[in-house]
There are 2 protein chains.
Amino acid sequence: MAIKAIKPGKAVRGSTTGRPVMLMLDLLGRRWVLRILWELRGEALNFRALQSACGGLSPSVLNTRLAELREAHLVEQRPDEGYALTASGRELLNHMTPLTIWAESWAKTL
Amino acid sequence: MAIKAIKPGKAVRGSTTGRPVMLMLDLLGRRWVLRILWELRGEALNFRALQSACGGLSPSVLNTRLAELREAHLVEQRPDEGYALTASGRELLNHMTPLTIWAESWAKTL
DNA sequence: TTATATGCTACTGATATCGTAGCAAATCTC
DNA sequence: GAGATTTGCTACGATATCAGTAGCATATAA
């Protein structure tokens, strides 16, 4: 199962420019990615705990996503701790915080 | 083709709590959604222009996404103008701007 | 030695997306 | 007013991705 590499200058789904924002949109647009990052916002979680936190997504998909996120240096695997956000991953998540606040008011309009 | 409704309190993919952030993660995690919002950051685009801006995604998927985004009040269809972000949609996009800046530095680490 | 936890792989069926073709309505063009 | 073009979509078969379950291999615990 080939994992699509995320590298600047490389084409991604729906874009051939390789611009960073397109890389990001491609990666974050994959199913479960945002959720996985979100669930790792606190402490490190091992594989099964993370799987459970994500509502029991299939291990094959989780494993694929973790490989992609590790390749993107957003998540790392720590011995005896499990999976955790890297510094980059935490930065990304911090930038997402305003979004979660926005989501609260947005949801009321639905 | 049933469109999955996005409403507070309703279960979404991977979550049964219906919390706003989960609604948001579900919606934004669907393929092309972030890209579509991104491409609408400037002026309104009609269906084919938007399709083209998104690198020629299939009209069926675009139409599905537009329906979801309209239902979520993030995108609206204006007569003689095409598709455009709503006030909410623009808010969301504004919150995404820091992410695009972050993406620049992140991409360098890959 | 058995039991349990963990990280994963394998497999099958379901769903989502792609890619192309083309239709119906509206608007230009002559 | 008869094409021609543009626009917003729908249909459909092919492919890719995801879901759901089973289970294996290693490690540690009892």
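Just so it is clear, the values below take in all heavy atoms, side chains as well, and ignore hydrogens, waters and symmetry mates. The sequence lines fix the lettering, A, B, ..., with proteins before strands; numbering per chain opens at 1.
Atom CZ in B/F47 sits about 18 Å away from atom P in C/dA26, given to the nearest Å. Put simply, CG on A/L45 is 10 Å from P on C/dG7, counting in whole angstrom units. Counting to the nearest Å, the P atom of C/dC23 and the CG atom of B/N63 are 18 Å from each other. At whole-Å resolution of the value, CD in A/E81 and C1' in C/dG7 are 16 Å apart. Between the P atom of C/dT6 and the CG atom of A/L62 lies a distance of 14 Å, rounded to the nearest Å. Distance B/R35 CZ to C/dT17 C1': 16 Å, rounded to the nearest Å. The distance between atom CG of B/L66 and atom P of D/dT7, rounded to the nearest whole Å, is 16 Å. Between the CG atom of A/L50 and the C1' atom of C/dT6 there is a distance of 13 Å, rounded to whole Å.
Look at B/R30 and B/E68 and you find a salt bridge, because one of the NZ, NE, NH1 or NH2 atoms lies within 4.0 Å of a carboxylate O, short of that distance. B/E104 has no carboxylate O lying under 4.0 Å from a charged side-chain N of B/K108, or vice versa, which leaves the two without a salt bridge.
Within the 4.0 Å cut-off from OP1 or OP2 of D/dT6, not a single side-chain nitrogen or oxygen of B/N46 is found. Dashed line: the shortest gap from a side-chain N or O of B/R30 to OP1 or OP2 of C/dT17 is not under 4.0 Å. OP1 or OP2 of C/dC8 sits under 4.0 Å from a side-chain N or O of A/Q77.
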Is there any protein nitrogen or oxygen under 3.5 Å from a nitrogen or oxygen in nucleotides 19-28 of chain D, and what are the pairs?
residue: D/dA19; atom: OP1; partner: A/W32; partner atom: NE1; Å: 3.2
residue: D/dA19; atom: OP2; partner: A/W32; partner atom: NE1; Å: 3.0

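For B/A84, the side-chain contact (heavy atoms from CB on, under 4.5 Å) partners at least two apart in sequence or on another chain are B/A44, B/R78.
Judged by the 6.0 Å distance and 45° axis criteria, A/R41 is positioned over the aromatic ring of A/W38.
When all heavy atoms are compared, the tightest approach of B/L85 to B/R90 is CD1-NH2, 3.8 Å.
Although no hydrogens or angles enter the test, the distance criterion places no donor-acceptor pair under 3.5 Å between the side chain of B/S88 and the main chain of A/W106. A donor-acceptor pair under 3.5 Å is absent between the side-chain atoms of A/R70 and the main chain of A/R65, judged by distance alone.
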